[in-house]
Protein chains: 2
Amino acid sequence: MLSKKTRYAIKALVVLGKNFGEAPMQISKIASEEHIPKKFLEQILLDLRNAGLLYSKKGAGGGYGLVKDPAEIFVVQVLRLTGGPVALLPCVSLNFYQKCDECSNEATCGVRDVFLEVRNETLKILSETSIADIISREGLLIQNTGV
Amino acid sequence: MLSKKTRYAIKALVVLGKNFGEAPMQISKIASEEHIPKKFLEQILLDLRNAGLLYSKKGAGGGYGLVKDPAEIFVVQVLRLTGGPVALLPCVSLNFYQKCDECSNEATCGVRDVFLEVRNETLKILSETSIADIISREGLLIQNTGV
DNA sequence: TAAAAGTCTACTAAATCTATATACTTTGTA
DNA sequence: TACAAAGTATATAGATTTAGTAGACTTTTA
């Protein structure tokens, strides 16, 4: 399961993606629109800023904005920045690798092999899907459900 | 990430799968072979037994064994029995569904839509892969790595 | 110069996970 | 029949992680 942190980060980026090109957006606006605790969101946006995904502007009229086009920000990046490993086992994680301490031989572990396959499929989707894709999917879903 | 519980469960089933058709196998043997804390493994095997995957035999010469052929036990079942949801978001989980409390409209949520896709791919793999498959993969890996 | 808005660090409460402890029941066999 | 082997059941402790809160500080604009 993704942590709340990761989920909030994605949601915030989607909102900022819709706002791309406009004036920066305040934390409190994002927080209230997306029902995210403001203080928690502050920390998350700061992380994303320090990672170079967002710019920020202090003072009156300040806020946050995307540095890059939402089509160039991929979901997998957000997971990694917010500490959510893609893999289901530490021994198949690219960025959060750890040896399974109960496993005697990684190279011949059948369990690992299965979860390697899962990771590859997951990674494929998440590294091909951008914030812009999420936004356009929402458009399609709204059409299809007639909401 | 899968919990230790889930990982130990899969490992234990693989060992029992290799032993299928033989006399029941003791907890302590499985525990020492797979480097799993014995007391913890006891609980896990008991769960798997109560779920109908294993039979047990008390007393001297007792132990655990698979009820069904390892080819008929799928990884997805083990995840579910040991509380490891397949989905990365509660709102796309089939067996552990929960509404995202920050989400206003599930039907048109683009984030959800992406993780629905991830879940589908993951589910496909895990519900097609059996304990027997894991065992035969190990055989292949041993050949390929020349160990 | 006051208000708006982000920055930074620390802290806490709750939940969950992992593991251990203890006492009990059943079964086989010497 | 008694003892040892082995599973059953429940409780609990310790560690870690997660989610969220608090508060004091800095920058910017009007």
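Since the model is a prediction, treat every value here as computed from it, not as a measurement. Chain identifiers are assigned alphabetically (A, B, ...) following the order of the sequence lines, protein sequences preceding nucleic acid strands; residue numbering begins at 1 within each chain.
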Notebook entry, point to check: Would B:Y55 and B:Y64 count as a ring-ring contact (aromatic ring centres under 6.0 Å, His included) if you check the C-alpha gap in whole Å, the side-chain angles of each, and the deciding distance to 0.1 Å?
Noted result: CA-CA 6 Å; B:Y55 72 84; B:Y64 278 100; 8.1 Å; no
Check: Within less than 4.0 Å of OP1 or OP2 of C:dT7, is there a side-chain N or O belonging to A:S56?
Finding: yes
Note to self: Nearest whole Å is fine: how far is D:dA6 P from B:Y55 OH?
What the structure shows: 14 Å
Checklist line | Upstream residue (5' side of DNA chain C) when A:M25 and B:L2 are each assigned their closest nucleotide | finding: A:M25
Margin query: Tell me whether B:K124 is salt-bridged to B:E121, with the criterion being a basic N under 4.0 Å from an acidic carboxylate O.
Written below: no
Check: Whole Å only: how far is the NZ atom of B:K29 from the P atom of D:dA6?
Finding: 11 Å
Margin query: If I take atom CG in residue B:D47 and atom P in nucleotide D:dG7, what distance separates them, rounded to the nearest angstrom?
Written below: 15 Å
Next item on the list: May I have the distance from A:Q26 (atom CD) to D:dT28 (atom C1'), rounded to whole angstrom?
Entry: 13 Å
Notebook entry, point to check: With respect to the side chain of B:K58, which nucleotide from D:dG20, C:dT20, D:dT8 is positioned closest?
Noted result: D:dT8
Next item on the list: State whether a side-chain donor-acceptor pair under 3.5 Å links B:D133 with B:S130.
Entry: yes
Check: C:dT20 P sits how many Å from B:I44 CD1, rounded?
Finding: 12 Å
Item checked: N/O (side chain, B:Y8) to phosphate O (OP1/OP2, C:dT18) under 4.0 Å -> no
Next item on the list: Please confirm whether any donor atom in the side chain of B:K39 sits under 3.5 Å from an acceptor in the base of C:dT18, or the reverse.
Entry: no
Item checked: Nucleotide nearest A:Q43 (side chain, heavy atoms from C-beta), chosen from C:dT9, C:dT26, C:dT18 -> C:dT9
Check: Expressed in angstrom and rounded to an integer, what is the separation of B:H35 atom NE2 from C:dA19 atom P?
Finding: 14 Å
Item checked: With B:L13, the side-chain contact (heavy atoms from CB on, under 4.5 Å) member among B:I30, B:I44, B:I135, B:L54 -> B:L54
Next item on the list: Looking at every strand, decide which applies to A:L45 at a 4.0 Å heavy-atom threshold: base, sugar-phosphate, or nothing.
Entry: nothing
Next item on the list: Give a yes/no on whether any side-chain N or O of B:Y64 is located under 4.0 angstrom from OP1 or OP2 of D:dA6.
Entry: no
Note to self: Of the listed nucleotides (D:dA5, C:dT18, C:dC8), which one gets closest to any side-chain atom of A:R49?
What the structure shows: C:dC8
Next item on the list: Could you tell me whether A:E106 and A:K99 have a side-chain N and a carboxylate O separated by less than 4.0 Å?
Entry: no
Next item on the list: Measure from the side-chain heavy atoms of A:K4 and tell me the nearest of D:dG20, D:dG23, D:dT8.
Entry: D:dG20
Notebook entry, point to check: Separation of B:F40 atom CZ from D:dT8 atom P, in whole Å?
Noted result: 17 Å
Margin query: Whole angstroms only, please: what is the CG-C1' distance between A:L41 and C:dA5?
Written below: 13 Å
Check: Mapping A:R7 and A:E42 to their closest nucleotides on DNA chain D, which lands nearer the 5' end?
Finding: A:R7
Notebook entry, point to check: With a 4.0 Å cut-off, would you call B:D101 and A:R7 a salt bridge?
Noted result: no
Check: Do any side-chain nitrogens or oxygens of B:K57 fall under 4.0 Å of OP1 or OP2 in C:dG28?
Finding: yes
Note to self: Heavy atoms from C-beta onward define the side chain here; which of D:dA19, D:dT29, C:dT18 lies closest to that of A:A60?
What the structure shows: D:dT29
